[in-house]
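In what follows, a structure is listed as structure tokens, so that the remarks can point back to it.
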Amino acid sequence: MIPPAFDYVRPASLGQACRALAEAGEDAKVLSGGQSLIPLLRLRLSYPTVLVDIGRLPEPRAIRDEDDHVFIGATATLDEVVRSAVVNAEVPLVALAARTVADPAVRHRGTFGGSLAHADPAGDLPAVALALDCEFVIASARGERTVPAAGFFQDYLETALAPDEILVGVKVPKLGPGWGFHYEKFHRTAQAWAIVGVAAAVRRADGGVAAARVALTNMGATPLRATAVEAALRGVPADADAVAGACAGADAGTSPPADLHARPDYRRHLARVLTRRAVLAAARARP
Amino acid sequence: MARITVNVDGIRFEEEVEPRLLLVHLLRDRLGKTGTPIGCDTSNCGACTVLLDGKSAKSCAVLAVQADGCDIATVEGLAAGGRRHPVQTAFHEEHALQCGYCTPGMIMAAIDLLRTDPDPSDEAIREGLEGNLCRCTGYQNIVRAVRRAASIDGPVNGEQAAAREVPA
Ligand SMILES: Cc1cc2nc3c(=O)[nH]c(=O)nc-3n(C[C@H](O)[C@H](O)[C@H](O)COP(=O)(O)OP(=O)(O)OC[C@H]3O[C@@H](n4cnc5c(N)ncnc54)[C@H](O)[C@@H]3O)c2cc1C
Ligand code: FES
Ligand code: FES
């Protein structure tokens with residue numbers, strides 16, 4: 001279908017973009033790579049008055065190694081993230097999950113910031129940001145602020161971003177030596193959204209699990225941290241039986257959706273199985 | 001309305017467009033480049049794949065205004081001097097199409113894949129083309145065609161490519 005009519009501006013700087021968004025009012029929208037927004041417009045599920053195109057801004061595009069974290073600019077494309085040497089070396093979980101998003105053509109245009117700001121509960125990167133306790137750097141004409149991942153994802157397709165705010169980038173903490181990572185995504189056809197996904201980071205010490213971080217994709221209206229699993233994993237041997245036992249409660253506190261792909265009880269089952277697989281892979285233990 | 005300049009298959013066009021005009025509609029309806037088809041409403045099928053500044057993009061998920069100042073390569077610009085591009089030749093020789101609806105997008109996606117991975121494994125080919133759906137072939141011959149295209153090294157034209165495959 002042909003999208004509804006809207007105005008379009010392409011500011012030359014982040015500051016100009018913030019002002020354009022403030023002036024345009026509540027019904028304006030940021031356009032980054034357009035890989036979620038343009039399909040929504042084509043399906044006439046969104047009726048913005050103005051699109052403020054930040055997709056070509058050079059400024060928030062960089063990926064930088066900054067001491068204890070990696071800063072990933074919001075308009076870095078998913079393809080740039082997947083291929084980034086810094087991301088692969090310092091925060092590999094981000095690259096592991098980003099390469100499962102969509103397909104090469106979509107990753108050439110879709111941006112890191114866009115996939116977080118869109119906050120689709122089936123999106124792969126929100127769970128990663130939550131598992132790693134990323135910090136979201138947000139700008140508007142009113143100034144700049146930082147929001148932790150735990151406060152960023154608020155409800156179905158809803159984030160802490162106010163209508164006049166732009167996500168500038170994300171600080172991804174480096175967890176340091178000893179951590180292993182894995183993103184386990186379950187889907188039944190090529191290039192498909194996660195029916196359920198699990199992001200896991202595990203620190204091993206003395207043959208056991210010293211610490212773990214686990215977050216779930218598509219098990220509720222927002223990504224969810226599996227805190228019960230994280231607690232149960234602390235100190236267990238990194239073998240298949242012990243890990244399976246600790247992951248048995250992976251679906252606790254979740255409210256998985258029912259849709260064409262799966263019923264909630266099947267998603268709960270998947271969460272338990274995929275969490276075990278993700279944790280074992282992250283711990284590099286044999287399943 | 002917005003004024004944009006695009007370079008499509010080596011020809012410069014200046015157009016007045018509504019911001020909501022999709023790149024694929026600019027190509028087909030305004031510039032007559034109907035070699036790029038539309039297969040879906042959800043940006044899933046990949047039939048409309050073109051190269052935008054050298055990288056594959058689904059032209060139904062790009063606004064014409066976003067392509068302002070960009071180079072666009074469509075399937076129509078591949079053959080040079082009446083000779084097929086090696087990927088076109090490989091698709092022809094391996095029978096990598098039946099109805100042909102997915103073919104323009106498949107070929108553009110395959111060219112993009114070979115740009116970043118000149119010698120892809122079968123698995124890499126399947127992954128590289130995962131954004132392109134084919135309802136006819138079952139993909140088997142498409143994978144073979146990309147492998148054949150990869151075995152032709154360098155940006156050679158169709159005739160040279162065919163010549164090379166004759167055993168010495
Ligand atoms: C065929 C297909 C398959 C897909 N499969 C997957 C998948 O498997 N997994 C997955 O996670 N995603 C998938 N996606 C979704 C998609 O890849 C991402 O959601 C998308 O790339 C978002 O980034 P964007 O830059 O394109 O955002 P846009 O489409 O430009 O924007 C999306 C939303 O975020 C807002 N926004 C964007 N950037 C900012 C910013 N910097 N500040 C404030 N607001 C902003 C926009 O206003 C809009 O509401 C798929 C998409 C397609 C078309
Ligand atoms: S028509 Fe563009 S992806 Fe289907
Ligand atoms: S040949 Fe018919 S869809 Fe691919």
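Residue numbering restarts at 1 for every chain, and letters A, B, ... go by the order of the sequence lines. These numbers come from a predicted model, not from an experiment.
Proximity to chain A (any heavy atom under 4.5 Å) is shown, for B:Ala57, by both the backbone and the side chain. Of the two parts of A:Leu41, neither the backbone nor the side chain holds a non-hydrogen atom closer than 4.5 Å to a non-hydrogen atom of chain B. For B:Cys40, the part sitting under 4.5 Å from any heavy atom of chain A is the backbone (N, CA, C, O) and nothing else. There is no contact between B:Ala2 and chain A, counting heavy-atom distances below 4.5 Å. For A:Ala102, the part sitting under 4.5 Å from any heavy atom of chain B is the backbone (N, CA, C, O) and nothing else. Contacts between A:Leu37 and chain B at a heavy-atom distance below 4.5 Å are absent for every atom of the residue. The contact between B:Ile38 and chain A is made entirely by side chain atoms (from C-beta outward), counting heavy-atom distances below 4.5 Å.
To the nearest 0.5 Å, atom CE of residue B:Met1 and atom CD1 of residue B:Ile4 are 10.5 Å apart.
Side chains of B:Leu26 and B:Val6 form a contact here, defined as non-hydrogen atoms less than 4.5 Å apart. Between B:Leu113 and B:Ile111, the closest side-chain pair of non-hydrogen atoms is not below 4.5 Å. The shortest side-chain heavy-atom distance between A:Phe71 and A:Val137 falls under the 4.5 Å cut-off.
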All inter-chain donor-acceptor pairs under 3.5 Å (chain A, chain B):
unit_1   : atom_1 : unit_2   : atom_2 : d
A:Met1   : N      : B:Asp41  : OD1    : 2.3
A:Met1   : N      : B:Asp41  : OD2    : 3.3
A:Pro3   : O      : B:Arg20  : NH1    : 2.9
A:Arg10  : NH1    : B:Val65  : O      : 2.9
A:Arg10  : NH2    : B:Asp68  : OD2    : 3.1
A:Gln35  : NE2    : B:Ala61  : O      : 3.1
A:Arg42  : NH2    : B:Cys40  : O      : 2.9
A:Arg42  : NH2    : B:Asp41  : OD1    : 3.3
A:Arg56  : NH1    : B:Asp68  : O      : 3.2
A:Arg56  : NH2    : B:Gln66  : O      : 2.7
A:Arg56  : NH2    : B:Asp68  : O      : 2.6
A:Asp103 : OD2    : B:Lys58  : NZ     : 2.8
A:His108 : ND1    : B:Ser56  : N      : 3.4
A:His108 : ND1    : B:Ser56  : O      : 2.8
A:His108 : ND1    : B:Ser56  : OG     : 3.1
A:Gln191 : N      : B:Glu130 : OE1    : 2.9
A:Gln191 : NE2    : B:Asn44  : O      : 3.1

Note to self: Before you tell me yes or no, could you show the steps for B:Leu63 and A:Leu31 under side-chain contact (heavy atoms from CB on, under 4.5 Å), namely the whole-Å CA-CA distance, both residues' side-chain angles and the distance that decides it to 0.1 Å?
What the structure shows: CA-CA 10 Å; B:Leu63 300 173; A:Leu31 173 68; 3.9 Å; yes

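When atom types are taken as modelled, the side chain of A:Asn88 and the backbone of A:Val91 share no donor-acceptor pair closer than 3.5 angstrom.
Between chain B and the options A:Pro39, A:Pro3, A:Pro4, A:Gly33, the largest number of non-hydrogen pairs under 4.5 Å is found for A:Pro3. Of the listed residues B:Leu21, B:Val65, B:Leu52, the one with more heavy-atom pairs under 4.5 angstrom with chain A than any other is B:Val65.
Residues satisfying the side-chain contact (heavy atoms from CB on, under 4.5 Å) test with A:Pro223, not counting sequence neighbours, are A:Pro126, A:Ala127, A:Leu130, A:Phe153. Evaluation of the side chain to side chain donor-acceptor pair (under 3.5 Å) rule for A:Glu90 yields no partner, not counting sequence neighbours. Partners of A:Asp155 under the side chain to side chain donor-acceptor pair (under 3.5 Å) rule, at least two apart in sequence or in another chain, do not exist in this structure.
In the displayed structure, A:Leu43 atom CG is contacted under 6.0 Å by more than 12 heavy atoms of other residues, nucleotides or ligands.
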